[in-house]
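These notes concern the structure reproduced below.
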Amino acid sequence: MRHFNKHLINFLFLFVSSAVIFAQQTLPKNIDQFIENGRTDWQIPGMAVGVVKDGKVVYAQGFGEKQLGSDEKVDANTVFSIASVSKNITAAALAILVDRGTITWDDQITHHIPWFQMKDAYVTQQITLRDALTHQTGLGRILGNRLQFMTQSSRDEVLQRVRYMDLEKPFRSSYVYNNVMYSLAGQIIEYTDGRTWDDFLQQELFQPLEMTRTTTTLAALQKQENIAYPHQEIEGKVVPINRRNWDNAGPAGGVNSTVNDLNQWMLMQLGTSGSLANKTIISAKQMNEIHKPQVITPSNNALNPQASYGLGWNILDYQGKRVWTHGGATDGFNTFMYLMPELELGIIVVTNTFNNFGSAVAYHLMDHYIGTSTRDWHQHYLTNYKNRYKQVQQLRDEVHNARNINTQPTLNTTSYTGNYLSDAYGKIEVKMKDKQLTIRLWNDSDMEGILEHWHYDTFRIVWKNKALREEFMQFHLDKDGKIDALNIEFVLRPMLLQVGAYPSNYTHTERFTKEK
């Protein structure tokens, strides 16, 4: 009897163990329905999800439509803009040059781009490629992730303006997220290799990895079929918005791709990192440098006891496992990439409107493969979002309630017209158009807005491109009572863009002096 019980116990142990292992190698039950339910609740027009596990693609599926009302279904080959997920692709491209001995991570920027300057001479001489890639320069968001900076200018022209910009934090004192520094890192490729960042990525990464539908420019994207279109919630309704040209910030956020292609990208990160199908793209040594913690990052999330940044990757600990992740947000697109190297698990979620559901999908899948599927991540993120929406809407209402509507501008409307200049931010024009006071930045038709009088000499810019929403500005008078300058309060990060660009606790006010 004892002999029988011993064999029975062993059998049951092996059966249960095998069942757990099997569960961890297969997708969660009803995963399609989980994603579709969430997509509907979050009002996401279209999305796609990819999963790789143990060196294989186990999931690649589209949901919803490419554009509201089009009835054109999203599939695994539909192209989405992946925004800042592009950063780890830029870091990987640079790793190829490190492998070849062309550059090192600790090269000073001026060694390769002699004309580059920061406002501080010491920082100019000391700043390295690693500083740029780990957000340790102290230079903040400049214009954030809504307003593309100097949209008609080249990458080099944008970098020329950095010499006029104040640091947000002391150099190398802390992590300060910055997109322009990734454009700078991308230009290192052109200055050392001779090929543009765009051509280098195509030839050295996308082609070897068979990422055949991945592009880096608006022109290339527009030549493709089966592409997703951007959407945004504006005044309580999700609507299509215009696509803008982000080419001059390409290394920071300009890649367009599909979940089929991005599954290949994740497979290259995992397993024998840097290789795919027995083909080495990047050495394991440099992939380790990319994936290891380089700088501590701020985190108030109890789920992740450790938060740091590598080279283009956020690095977290979750349930005792290491996680490499990066999100991306640009005009009407949100992307979520999560990798768990110890489980050889990679998850990519691409969507065509702003949301947090992508993280819910990722944690749902990670919990499943860890074997701790206990929390309803969809409801967790949705409840937090709804509560946040109410809080931010209340703060916006307070801004509106503080408006003094019983005031007039100091001068007549035409007195405010003219050109205004800033060394860092270039020229803007204020003029009368159709009997309304208007503003135009950088001679860009997409950066035009109506100046709506708010109170006193403060105006609200109502941008022609509705996706940019509204921002505040003030005119200033000199001692003779004439317009001397104007200030624009650029919103670098809204508290919740679905509510509006403001309220915000992260802004930058730039002064523009009136041209005499």
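Sequential numbering from 1 along the given sequence is applied to the chain's residues.
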Q | Among Leu262, Ile348, Asn334, the one residue meeting side-chain contact (heavy atoms from CB on, under 4.5 Å) with Ile82 | A | Leu262

So, are [X] and [Y] salt-bridged, with charged N and O less than 4.0 Å apart?
| X | Y | result |
| --- | --- | --- |
| Arg244 | Asp331 | yes |
| Arg39 | Asp41 | no |
| Arg460 | Glu452 | yes |
| Asp156 | Arg161 | no |
| Asp484 | Arg511 | yes |

(Q) Test of understanding: with salt bridge (Lys or Arg N to Asp or Glu O under 4.0 Å), list the residues that count as partners of Arg375, not counting sequence neighbours. (A) none

Determine, using ring centers only, whether [Y] and [X] are less than 6.0 Å apart.
| X | Y | value |
| --- | --- | --- |
| Trp42 | Tyr385 | yes |
| Tyr309 | Tyr175 | yes |
| Phe475 | Phe459 | yes |
| Phe490 | Tyr425 | yes |

Cation-pi check for [Y] against [X]: NZ or CZ below 6.0 Å from the six-membered ring centre and within 45 degrees of the axis, yes or no?
| X | Y | result |
| --- | --- | --- |
| Arg396 | Tyr502 | yes |
| Arg243 | Tyr229 | yes |
| Arg469 | Trp463 | no |

Q | Side chains of Trp105 and Thr128 in contact at under 4.5 Å (non-hydrogen atoms) | A | no

Q: Find out whether Glu470 and Ile461 are in side-chain contact, i.e. whether some heavy atom of one side chain is under 4.5 Å from a heavy atom of the other.
A: no

**Q.** Test log, rule side-chain contact (heavy atoms from CB on, under 4.5 Å), inputs Leu411 and Tyr416
**A.** CA-CA 8 Å; Leu411 305 176; Tyr416 297 93; 3.9 Å; yes

Q.
Other residues, nucleotides and ligands only: do more than 12 of their heavy atoms fall within 6.0 Å of CD1 on Ile296?
A. no

